[in-house]
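To keep things clear, I will list the structure first and then write my remarks on it.
A, B, ... follow the sequence lines: proteins, then strands. Residue 1 opens every chain.
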Amino acid sequence: MANGPSHTESAPGRTKRKSLRTQLLEARPVNRDGFVDEWPEVGLVAMESDGDPRPSIRVESGVVVEMDGRLRAEFDFIDQFIADHAIDVATAEQSMAVPPDEVARRIVDARVPRAEVVALARGLTPARLLDVMKTMNVVEMMMGMQKMRARRTTSNQAHATSGRDNPLQIAADAAEGALRGFSELETTLGIVRYAPLAALGLLIGAQTGRPGVLTQCALEEATELELGMKGLTTYAETISVYGTEKVFVDGDDTPWSKAFLASAYASRGIKMRFTSGTGSEVQMGNAEGRSMLYLEIRCILIAKGAGVQGLQNGSISCIGVPGAVPSGIRAVLAENLVASTLDLECASGNDQSFSHSDMRRTARGLMQLLPGTDFVCSGYSSVPNSDNMFAGSNFDATDYDDWNVLQRDLKVDGGLRHVPEEEILAVREKAARALQAVFESFGFPPITDAEVEAVTYAHGSEDLPLRKVVEDLKAAQSMTERGITGLDVVKALEAQGFRDVAEAVFNMLRQRVTGDLLHTAAIMDAHGEPLSAVNDPNDYAGPGTGFRPTGARWEELKRLRYTTNANNPETTGGGQGPAVGTGGRVLTLDERGPATPGTRSDEVVVAVSPAFARFFTRTIVDVPLAEVLRTVLAGIEEEGVSARVVRVLSSADLAFIAHSGARLSGSGISVGLLARGTTMIHQRDLPRLSSLELFPQAPLLDLETFRKIGRNAARYAKGDAPEPVPVRNDFMARPRYQAKAAVLQLKETEFIEARRAPIELAVSFG
Amino acid sequence: MSRDAQRPSKPLSYPLGKHHPERLHTPTGKTLEAMTFQAVLDGRVTAEDLRITAETLQLQAGIAESVGRTQLAGNFRRAGELTAVSDERILQIYNALRPGASTCDELLAIAKELEEQYGAKSSAALVREAASVYKRRGILSDSHG
């Protein structure tokens, strides 16, 4: 497989000329992604490789003496750690007797309770867990994830970083991210020495946005622990584990050092999870000829054995490697599922730039968003990716609205919500002010009012005044030297008048006395209480059960930046078209009694709909109806034909309206107009559902077109046969306007008066 | 393992901070209930108060075990032992456990220290186990032979 020719397009002897379509395809974003053929001998293969061991287990006197074809004496340190700490020797032989496809079926089958699967999985070896995953397709894996996720309620996590390590930006974006719904926020740095200030900005920002959001600063292991001990962070995540001994040693750790670290964090009451992911071993050149997923399963079992509550996985920073090979994104989902099946919290990736193709990065994200995981992203970028110091995420701040729409479309809870602009600006400013005050209190380089204002309205670091980095770094150093703790931050906030933020930070510190956040998949809920797999265990048991958005949360998910609402359809569609304004002209339509058939052969009747210029004042694209009517009349009069305006009240159907007008017209020609702008030229002698010219796509009708419609109607009245008015075709009009058109049409029908005949209107423009 | 002796007869309701604040204490002997924001304002809370105790970690271990999380409970018990160890010493021990950082004797000395000074039996066992595995896999420091 690996040695075969690579599949390129250039067969010898063919002409070099490429089709226009090929040229277009070659320029598509997806072709800027890197793809490689499998090379199993070095581990460049996702999850199906002959190089992976055959599953086996042998237990003697309570000790695993053989695992996956290897005798105990030959165990590397990972094998030994897994055998001695992760695998339940009491049930292993029994669990291993269940065939892999049967294990997979129990994972998928909604009628098998989660606890039963967890108990079964406790006795499975890495190679057997791999075999189980190999029997499953991604839909089955998603079914499994829906049930096996530890916490019932899904949530999300974000990165809040700054391209210039500006703590003020971190504070403002953390506040906004917290308000938007993230349960955890993490930061990291370009210049590591900035860390204490970044952690400070993140802590204050997060607690300003929503009290209870957990924060962490990704650093080298020992430094990260120090920040946590001081109470400047409230969880830790970047504790990496690896699937081969060599790579583990290269990472300067072992399963024992990491297990000790896990206990060290818990001994300080700090939540912690490990990190691993497919592709890291092959990336570091020591995959020992094993598939990426096999090695990752070893990592997951190390986390389990160390007694850490959870794991961040889903390839993480190596996503480009599994992403490049066949079935790689399936393997990434499989690693999330294995973590959940082993009863660990899973923060499921989607946290690194993955693809140039929006289609592809969305498809990758759906694997976790649809079933729901403990943290759908283990780092959605709450800043623009250009400011993301984790090297970019699969989703960033510019994707917020897309994410909200996906949640609403599919009725799935990805942890976020739409927040009105005023609320966002308010928390951004408040977080910036709080950090400004704390900086002042600690005697750090001042944050100016100009900086506060800039960050309130900023998108990224480039929108902010530059800080004096050397001065800031001195402050960061003094923060460490002076031993400033979370409690000092509480006191400074309180002294500066930010009592609510001070209380929120204090409550996070107080949490560590209780240890409640140490449990599997713990977050703080909206009421400031710990929510974990202990008091919120996943109880999915098939359709109608488990976690799904309901009640107030579903109402929240329904809200978007722009929706059309029947109560006020003209104002809620904001941003959907060019702002034309009212044109300053006031249209008055005075009713003059029942319309009578015209006697002049040189007249055109303009028949308008029931709500035209009554309820509605603008077309679907905000063209003022005064301008529409004036322009149509002007077009008719340009041709020396006179016009009469009538309103049809008994129907909101355009053909009916236009035909009614034609029957009243002396020439037999009419123009029918719906309030939203849809227009038709009709003739008395034609069947009602026919027409001379139809302009069905109201969004494409501008005033120039309305003038031409008026002119053509007049020409028909004079007996000419004009060229039909050209119409454009916009294949995106449907996604943009179809639903709004339906709302407008439904609104129009509310104005129908079925028994009333058409009435004559006197038109005046004020 | 004699875990049964340590386990409370019936696990307490989670979260402990909400349901059993009277059972939780700070290392300085104050109750969680005394840890109010007002106490901070009055200067009655120090950084030392904001730490978890070995007793609380035992209670949390009991909860973890009651929901079938054996390894997590084990971690909480090791953590309980380590509450007595200073931040500085914890970081030193962690660094000593890195590959190639220590000789076998150095690791065994740490295990002895953990056991004798802090009564940290399961942490000591973890370090001893590391020493033996590191020896077999050749990742001990060779600086002292």
Side chain to side chain donor-acceptor pair (under 3.5 Å) partners of A:D516, counting only residues at least two apart: A:T514, B:Q60
Pick one of side chain, backbone, both or neither for A:F77, based on which atoms fall under 4.5 Å of a heavy atom in chain B. both
Could you please spell out the steps behind the salt bridge (charged side-chain N to carboxylate O under 4.0 Å, His left out) verdict for A:D343 and B:R69? CA-CA 8 Å; A:D343 198 27; B:R69 301 198 169 105; 2.8 Å; yes
Using the ring of each side chain (for Trp, its six-membered ring), is A:H519 parallel, tilted or perpendicular to B:F76, with breaks at 30° and 60°? perpendicular
Does any heavy atom of chain A fall under 4.5 Å from the side chain of B:I63, the backbone, both, or neither of them? both
May I ask you to name which of B:N95, B:V67, B:I90 has the most heavy-atom pairs under 4.5 Å with chain A? B:I90
Hey, is CD on B:E88 packed in by over 12 heavy atoms from elsewhere, all under 6.0 Å? no
For B:L50, is it the side chain, the backbone, both, or neither that has a heavy atom closer than 4.5 Å to a heavy atom of chain A? both
Side chain to side chain donor-acceptor pair (under 3.5 Å) against B:E129, all qualifying residues, sequence neighbours excluded: A:H85, A:W256
Side chain, backbone, both or neither: which part of A:E245 has a non-hydrogen atom closer than 4.5 Å to chain B? side chain
Spell out the residues in residues 119-127 of chain B that have some non-hydrogen atom less than 4.5 Å away from a non-hydrogen atom of chain A, in order of number; otherwise answer 'none'. B:L126
Please tabulate, for side-chain N and O atoms in residues 488-497 of chain A, each donor-acceptor pair with protein atoms closer than 3.5 Å (sequence neighbours left out).
unit_1 : atom_1 : unit_2 : atom_2 : d
A:D488 : OD2    : A:T485 : N      : 2.9
A:D488 : OD2    : A:T485 : OG1    : 3.3

Which bit of B:L57 is near chain A, if near means a heavy-atom gap under 4.5 Å: side chain, backbone, both or neither? side chain
Salt bridge between B:R98 and A:E220, side-chain N to carboxylate O under 4.0 Å? yes
If one checks every heavy atom of A:E529 against chain B at 4.5 Å, the contacting part turns out to be side chain
